[in-house]
Amino acid sequence: MKDRLEHIADKVRAGARIAPDEALRLAEEAPLWLLSELATGVRRRLNGDKLYYNRNIHIEPTNLCLFNCRFCSYRRPKGSPEAWDYTMEEIEELARRQRGRGITEVHIVGGVHPDHDLEYYCGLIRRVRSILPEAAVKAFTAIELSYMIRKAGLTVREGLQRLIDAGMQAIPGGGAEIFDEELRTRICPDKGSTAEWFEVHRTAHELGLHTNATILYGHIETWRHRIDHLDRLRTLQDRTRGFDAFVPLKYRNYGNSMSEIGEVSVIEDLKMLALCRIYLDNVPHLKAYWVMYGKATAELALQFGADDVDGTIDDSTKIYSMAGADDRRPVMTVAEVERMAREAGLRPVERDTFYQETETSKR
Ligand code: V47
């Protein structure tokens, strides 16, 4: 009988779906070159020779947070000299500075602020949309959403509908961390649950919103936990088709209360990216978020299944620089992404939030 690993590889090459135990075998036994070949095959089938990016900024309204996740380097307690809590006017000013720069997406996430309510967040979205009408608002992790909606006494469906009416157009993938309930209570004991995360994304999909999903990997989890996480996402995606992109987030260990764990190697990152691409055969895009991986690893990721590197960012996010990422002031120019694509043998495509090619890109 054919070697079992070769049998799994043939399944992937033929476009067939692999089971959790097969994914585990690939993770534990496949050489890196084979993972690269298989993930590249899946990427090509789904996205041809495209490398997607967008012109985006993040707005992080506050780093005050009700929750105290052990991996977080960003949260500060009230009164800390490093805490921030922007006023609405300051947020408007951040948006105004981006006028006329071709930004197509504003990604808004921050701490779960103890005092703000759903009306505040709806107002925030409306103001950003009125200042940057050409940009889509992709806002709030499922954990922030679940909290603000519950506090308003609404169902998830009613709360999301209010935010949609205010102008929210997509939901980022954050807050997923690790779905295994036992590990989740060890790394983020007081955070919203796996069930809450899924309720928000499932309902969003039912309302026609597109969302992303993430995993926080490289801490205390094993390959089994990672594959279980991917499997739960693949199952929901079979039903709803609402996830646009999967974004693996490598645990960065600077300045948080799990620092002693250290960080996994770049080889492990590449294996993880490939496994995600192979396993999530129904999620169209795999994003190697360059701010978190650093530009060098993001380039390598393009040989392991990634078709998207996120966007230009323009030094607008602190979550990763505070956790030890290479770029203290993250900025990616369009020329840099174009070079990255060409060197990988790919075609750079500027996209909007919904993975449609922008008019500038078509010219
Ligand atoms: O949920 C926090 C992660 C996430 C650390 O959807 C950490 O397109 C590593 O979700 N080391 C928020 N990761 C960011 C996020 C995201 C980013 C870019 C694009 C998209 C998208 C989503 O950041 C959190 C958490 O998983 N995170 N601290 C850390 N020390």
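Because the structure is predicted, anything quoted here is derived from the model rather than measured. We count ligands from 1, going down the list as the structure has it; atoms in each ligand are counted the same way.
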Fill in the blank from the handout: In this structure, atom 17 (C) of ligand 1 is nearest to the protein heavy atom Tyr289 CE2, 3.7 Å
Problem - Pairs touching residues 333-345 that satisfy side chain to side chain donor-acceptor pair (under 3.5 Å), sequence neighbours left out - result: Lys295-Glu336, Glu299-Arg339, Thr333-Glu336, Arg339-Glu343
Practice task
Starting from atom 7 (C) of ligand 1, locate the nearest protein heavy atom and write down its residue, its atom name and how far away it is, to 0.1 Å.
Solution key: Tyr320 OH, 3.4 Å
Exercise for the section: Please determine, by modelled atom types, if His285 and Asp308 share a side-chain donor-acceptor pair under 3.5 angstrom. Expected result: no
Practice task
Return yes if a side-chain donor-acceptor contact under 3.5 Å exists between Asp310 and Tyr293, otherwise no.
Solution key: no
Completion exercise
heavy-atom search around atom 26 (O) of ligand 1 in the protein gives Glu177 OE1, 2.4 Å
Handout entry: Atoms of ligand 1, numbered as shown, that sit under 4.0 Å from any heavy atom of Leu249
Key = 3 (C), 4 (C), 10 (O), 15 (C), 23 (O), 26 (O)
Fill in the blank from the handout: Hits for side chain to side chain donor-acceptor pair (under 3.5 Å) against Thr214, two or more places apart or cross-chain, chain-then-number order -> none
Problem - Thr141 touching ligand 1 at heavy-atom level, < 4.0 angstrom - result: no
Practice task
Assign the ring pair Trp197 / Phe179 to parallel, tilted or perpendicular, where the plane angle (0 to 90°) is split at 30° and 60°.
Solution key: tilted
Fill in the blank from the handout: For atom 8 (O) of ligand 1, the closest protein heavy atom turns out to be Lys287 NZ, 2.7 Å
Handout entry: Closest approach of any protein heavy atom to atom 11 (N) of ligand 1, naming residue and atom
Key = Arg252 N, 2.9 Å
Handout entry: Top protein contact for atom 10 (O) of ligand 1, by heavy-atom distance
Key = Gly174 CA, 2.9 Å
Fill in the blank from the handout: The protein heavy atom nearest to atom 19 (C) of ligand 1 is His107 CE1, 3.8 Å
Exercise for the section: From the options Tyr120, Tyr121, Tyr147, select the one residue that forms a ring pair (Phe, Tyr, Trp, His ring centres under 6.0 Å) with Phe140. Expected result: Tyr121
Handout entry: Close approach of Met292 to ligand 1, heavy atoms, under 4.0 angstrom
Key = no
